Amino acid sequence: MPPLKVKDGDDTVFIEGKIDRIDFLPDNYVKIIDYKSGNDKYNEEEAKSGWKLQLFIYLKAAMSDGRLPAGTFYFHIKDPLIDLKNISAEDTESIENEFRKTYRMDGVVVDNMDVIKNIDKDLADNGGASYVIPVNIGKTGMNRWSNVMSEEDFSDLLDEVDDKIKEMCCDILDGDISIHPKVHKNESACTYCEYKGICKFDVQFDGCRYEKI
Ligand code: SF4
């Protein structure tokens, strides 16, 4: 996958990364999966604010040849813990279903039933809850925890992410390389950063501060 290019006048910033998994779906749709061992949760507001842009940057890179967004997801790969206190040990089907629920991906999917059924082929025609993606279809449409977005809203969100990426790249091109890692609740960009030992970020120093979102 070629790097994502962000242009600012004559300058171009190339953004590279390693996408864990890309699935090309019928009708020119594309879906991204990012495997996670931590507790990352999809949050639209965080992406718009420039915090945790990864899922959308990967999706944009995968769409660079004109593909359409099917969805972008975290897949948590840590060993699941299942609460079986209300399930009998003989009820293997319920146990298996509880197990499958823990592997349901977290993210957003486009509100298009053909695409949804291409991602989860086991989703019944009459709806129900998917064990694969955050979609729960009731008689009157999507249920409460479904994380679906219309094609138009998906496109608007990608435009907002685009603007955020451009703003950040322009700041760097303008020479602003001050260290302001973002912090949200109890987690900061530094929490899982591999460069902690060498970057010298320390709030004791002038100019080093967290950007709260
Ligand atoms: S540890 Fe340093 S390099 Fe890593 S996110 Fe924090 S400030 Fe940035």
Side-chain angles (χ1 to χ4, degrees), residues 1-23 30-64 69 71-81 102-109 134 147 149 154 156-213:
M1 195 58 56
L4 198 64
K5 288 184 196 166
V6 181
K7 282 200 159 289
D8 179 33
D10 292 337
D11 297 314
T12 306
V13 176
F14 296 86
I15 303 176
E16 288 185 303
K18 198 165 73 180
I19 302 173
D20 288 334
R21 174 167 164 162
I22 302 180
D23 290 309
V30 64
K31 151 178 144 244
I32 297 295
I33 297 177
D34 190 47
Y35 297 115
K36 285 285 176 207
S37 53
N39 289 321
D40 295 73
K41 295 242 185 298
Y42 167 75
N43 183 312
E44 184 183 322
E45 292 310 314
E46 288 179 358
K48 285 181 188 170
S49 69
W51 164 255
K52 298 192 181 173
L53 287 168
Q54 185 188 27
L55 282 181
F56 289 99
I57 288 181
Y58 289 167
L59 184 60
K60 287 193 65 59
M63 290 166 57
S64 55
T72 187
F73 306 96
Y74 291 129
F75 186 111
H76 294 107
I77 52 174
K78 65 182 179 187
D79 289 337
L81 278 175
T102 67
Y103 283 111
R104 182 185 287 129
M105 295 189 289
D106 184 27
V108 62
V109 62
N147 218 349
M149 198 177 272
F154 217 131
D156 288 347
L157 176 59
L158 287 168
D159 284 346
E160 278 192 61
V161 169
D162 243 351
D163 291 344
K164 197 68 198 170
I165 296 169
K166 187 152 191 192
E167 180 189 315
M168 293 160 100
C169 291
C170 288
D171 284 349
I172 294 171
L173 288 170
D174 287 345
D176 181 2
I177 52 166
S178 50
I179 311 176
H180 298 148
K182 293 185 176 8
V183 63
H184 182 56
K185 295 183 182 160
N186 294 326
E187 194 185 346
S188 80
C190 309
T191 306
Y192 300 107
C193 180
E194 294 174 7
Y195 302 101
K196 216 177 292 185
I198 55 169
C199 85
K200 298 203 164 77
F201 174 73
D202 188 331
V203 285
Q204 311 276 346
F205 298 142
D206 283 347
C208 287
R209 61 170 172 81
Y210 284 107
E211 183 183 326
K212 285 193 185 161
I213 59 165

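In listed order, ligands and their atoms are each counted from 1. Every value quoted in this text rests on a predicted model; they were computed, and no experiment measured them. Hydrogens, waters and symmetry mates are skipped; everything else that's a heavy atom, side chains included, is used.
- What you find for R209 and V203 is that their closest heavy atoms are CA-CG1, 4.4 Å.
- Ligand 1 places these atoms under 4.0 Å from at least one heavy atom of A189: 5 (S).
- In the vicinity of F201, heavy-atom distances shorter than 4.0 Å reach the ligand 1 atoms 7 (S).
- A salt bridge does not link R104 with D106: none of the charged nitrogens is closer than 4.0 Å to a carboxylate oxygen.
- Here C193 reaches atom 4 (Fe) of ligand 1: one of its N/O/S atoms is less than 2.8 Å from the metal.
- Closest protein heavy atom to atom 6 (Fe) of ligand 1: C190 SG, 2.3 Å.
- At a threshold of 2.8 Å, atom 2 (Fe) of ligand 1 has a backbone or side-chain N, O or S atom of C199 nearer than that distance.
- Taking the centre of each ring, F201 and Y195 stay at or above the 6.0 Å mark.
- Within the 4.5 Å cutoff, side-chain heavy atoms of L59 are placed close to those of P69.
- Using a 4.0 Å cut-off between charged side-chain N and carboxylate O, E187 and K52 make a salt bridge.
- Side-chain contact between F56 and V108: present, with at least one pair of heavy atoms (C-beta onward) separated by less than 4.5 Å.
- Atom numbering of ligand 1 starts at 1 in the shown order; those under 4.0 Å from a heavy atom of I179 are 7 (S).
- Within a 4.0 Å radius of atom 8 (Fe) of ligand 1, the protein has no heavy atom.
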